[in-house]
Asker: 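Have a look at this one.
So that the names make sense, note that chain A is the first sequence line, chain B the second, and so on, each numbered from 1.
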2 protein chains.
Amino acid sequence: MQSPSPSADGRASDLPAYAVLLRTLNRELNRSTLDFAHQHGLHATDIHALSVIMDSAENPDGPATPSRLREELRLTSGAVTACLDRLERAGHISRVRDSADRRVVHLVYNPHARSLAREYFSPLARATEAARSRFSADELTTIATFLGTLNAALAAEHEGPA
Amino acid sequence: MQSPSPSADGRASDLPAYAVLLRTLNRELNRSTLDFAHQHGLHATDIHALSVIMDSAENPDGPATPSRLREELRLTSGAVTACLDRLERAGHISRVRDSADRRVVHLVYNPHARSLAREYFSPLARATEAARSRFSADELTTIATFLGTLNAALAAEHEGPA
DNA sequence: ATAATATTGCTCAATGATTGAGATAGTTTA
DNA sequence: TAAACTATCTCAATCATTGAGCAATATTAT
């Protein structure tokens, strides 16, 4: 009844189909996170925090701080403190006072957490590589550009939706 | 030092770059979920449950059940019951006993929840459409195929990782 | 300098979602 | 019919999160 879609896989490229694909992807990624958290006696919150701390370490916006986590994870300050206490107690991260502004705490992850993170992302990396292997270099470039564009659009949605 | 990558956006299509893109996407989608949940006095769990119930209604695997939610959301049975109590009390879903096997409860979402779900996915749909508008039909087909492949690979990871 | 204001992260009692063991009701197998 | 199994629910205990307030540091104005 809809467009006959001459290309072999074309039936799955309209907006509703994209919505289902993205929702499913979100669920799969969350499930990976939960499984990994359970395996290590941590909570989903802790893993998400670790993910933010990891990405902040490599990004030019500077190292992660408790305030940053509060915004990224939509937690209250008390919850952030508790989360960081858990991660620090388990040896994954350290709190380091900024020397310039001594109110600020920098969050750095220890070598221990580095290997933990590698382990966490290993199934994801395996699945991603399996999917990537089916596409050409040009196609992978297109897909990466799309993902970047989508991320930017989502970020714009909850920063200035008006 | 790495491959010079002649294509304009090629630098962003290797595996580590994909990992960052997918982690960021996951965070953006979760943040949308949390923001929406807060706006409506619900919890992230409730929204995820609603999402599963929605997709189950349209999928051929049959309607959602508490057991299904327990697996999908990695919750215990007590938590599922509490979550469904909240959703039912707020009028979003109904529990319906299966007539064939009267131990089973089918979860259906009410018209009220249908409009709630539309509202929830509206920012996501807007962002997705904004990103989609930048790509050709062929490119969108490629991207959709990739997302489907990735979802299948992720599902395979936590069903039979061995 | 000094006082007033703002910001960062923490403390702690209260709240409430989640856990986990068990109960209940229904189904299937022998 | 009895026994074993399954789906869901109940409920006390646990523990992450909330939210108000505090301590320490930084900034700005006078």
Asker: Of the nucleotides C:dA21, D:dA20, D:dT6, which one has an atom closest to the side chain of B:Ser77?
Answerer: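 Taking heavy atoms from C-beta onward, the closest nucleotide is C:dA21.
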Asker: For B:Ala44, which contact category applies under a 4.0 Å heavy-atom criterion: base, sugar-phosphate, or nothing?
Answerer: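 Result for B:Ala44 = nothing.
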Asker: When the distance from CG of B:Asp98 to P of C:dT28 is rounded to whole Å, what number comes out?
Answerer: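 Rounded to the whole Å, the gap is 11 Å.
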Asker: Supply the atom-to-atom distance A:Leu34 CG to A:His43 NE2, rounded to the nearest 0.5 angstrom.
Answerer: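 One gets 11.5 Å once the value is rounded to the nearest 0.5 Å.
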Asker: Would you indicate what B:Arg97 reaches in the nucleic acid, counting non-hydrogen atoms under 4.0 angstrom: base, sugar-phosphate, or nothing?
Answerer: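 The answer is nothing, as B:Arg97 stays clear of every strand by at least 4.0 Å.
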Asker: Heavy-atom nearest nucleotide on DNA chain D for B:Val104 versus B:Gly78: which residue maps closer to 5'?
Answerer: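 Result of the comparison: B:Val104.
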Asker: Provide, to the nearest angstrom, the distance between the CG atom belonging to A:Asp46 and the C1' atom belonging to D:dA16.
Answerer: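 Value for this atom pair: 10 Å.
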Asker: Using five base pairs at each end, measure the axis-to-axis angle across the helix from C:dA1-D:dT30 to C:dA30-D:dT1 and round it to 10 degrees.
Answerer: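 Answer for the end axes of this duplex: 30°.
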Asker: Heavy-atom count around B:Arg95 CZ within 6.0 Å, excluding the residue itself: above 12?
Answerer: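 Enclosed.
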Asker: In whole Å, I'd like the distance from the NE2 atom of B:His43 to the C1' atom of C:dT15.
Answerer: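 Distance, rounded to whole Å: 10 Å.
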Asker: Which whole-number value in Å describes the distance from A:Leu69 CG to C:dG9 C1'?
Answerer: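 The distance from CG of A:Leu69 to C1' of C:dG9 comes to 12 Å, rounded to the nearest Å.
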Asker: Let me know the distance between CZ of B:Arg86 and C1' of C:dT18, rounded to the nearest Å.
Answerer: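 So the two atoms are 9 Å apart, to the nearest Å.
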Asker: With the side chain of B:Thr81 defined as its heavy atoms from C-beta on, choose the nearest nucleotide among D:dT10, C:dT8, D:dA7.
Answerer: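 Among the listed nucleotides, the one closest to the side chain of B:Thr81 is D:dT10.
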Asker: Is the closest side-chain heavy-atom distance between B:Thr65 and B:Leu107 below 4.5 Å?
Answerer: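 They are not in side-chain contact.
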Asker: State which of C:dA6, D:dC9, C:dC10 makes the closest approach to the side chain of A:Arg95.
Answerer: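 Taking heavy atoms from C-beta onward, the closest nucleotide is C:dC10.
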Asker: Considering only side-chain heavy atoms of A:Arg102, which listed nucleotide, D:dT17, D:dC9, D:dA26, is closest?
Answerer: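 Selected nucleotide: D:dA26.
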Asker: Mind calculating the distance between CG (B:Asp85) and C1' (D:dT10) to the nearest angstrom?
Answerer: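 The answer, rounded to whole Å, is 10 Å.
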Asker: Measure from the side-chain heavy atoms of A:Arg103 and tell me the nearest of C:dT18, D:dA26, C:dC10.
Answerer: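 Shortest atom-to-atom distance from the side chain points to D:dA26.
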Asker: Side chains of B:Leu84 and B:Pro66: does their closest heavy-atom pair fall under 4.5 Å?
Answerer: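 B:Leu84 vs B:Pro66: side chains touch.
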Asker: Using whole Å, report how far CG of A:Leu34 lies from C1' of C:dT19.
Answerer: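 Nearest whole value for this atom pair: 15 Å.
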Asker: Could you pick out which residue, A:Asp101 or A:Ala82, lies toward the 5' side of DNA chain D when each is mapped onto its nearest nucleotide?
Answerer: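 Checking each residue's closest nucleotide, the 5'-ward one belongs to A:Ala82.
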Asker: In whole angstroms, how far is the P atom of C:dA17 from the CG atom of B:Leu84?
Answerer: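 Interatomic distance, CG of B:Leu84 to P of C:dA17: 14 Å.
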Asker: Is there a side-chain contact between B:Val105 and B:Val96 (heavy atoms, below 4.5 Å)?
Answerer: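 Sidechains of B:Val96 and B:Val105: no contact.
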Asker: Flag the pair B:Thr142 / A:Ile143 as yes when at least one side-chain heavy-atom distance between them is below 4.5 Å, and no otherwise.
Answerer: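 Yes; the side chains approach each other to less than 4.5 Å.
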Asker: So which nucleotide from C:dG20, D:dT8, D:dT17 ends up closest to the side chain of A:Thr76?
Answerer: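 That would be D:dT17.
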Asker: Is it true that B:Arg27 and A:Asp55 have a side-chain N and a carboxylate O under 4.0 angstrom from each other?
Answerer: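 Salt bridge flag = yes for A:Asp55 with B:Arg27.
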Asker: A side-chain contact here means heavy atoms from C-beta on lying under 4.5 Å apart; do A:Glu129 and B:Tyr18 qualify?
Answerer: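 Of all side-chain heavy-atom pairs linking B:Tyr18 with A:Glu129, none is under 4.5 Å.
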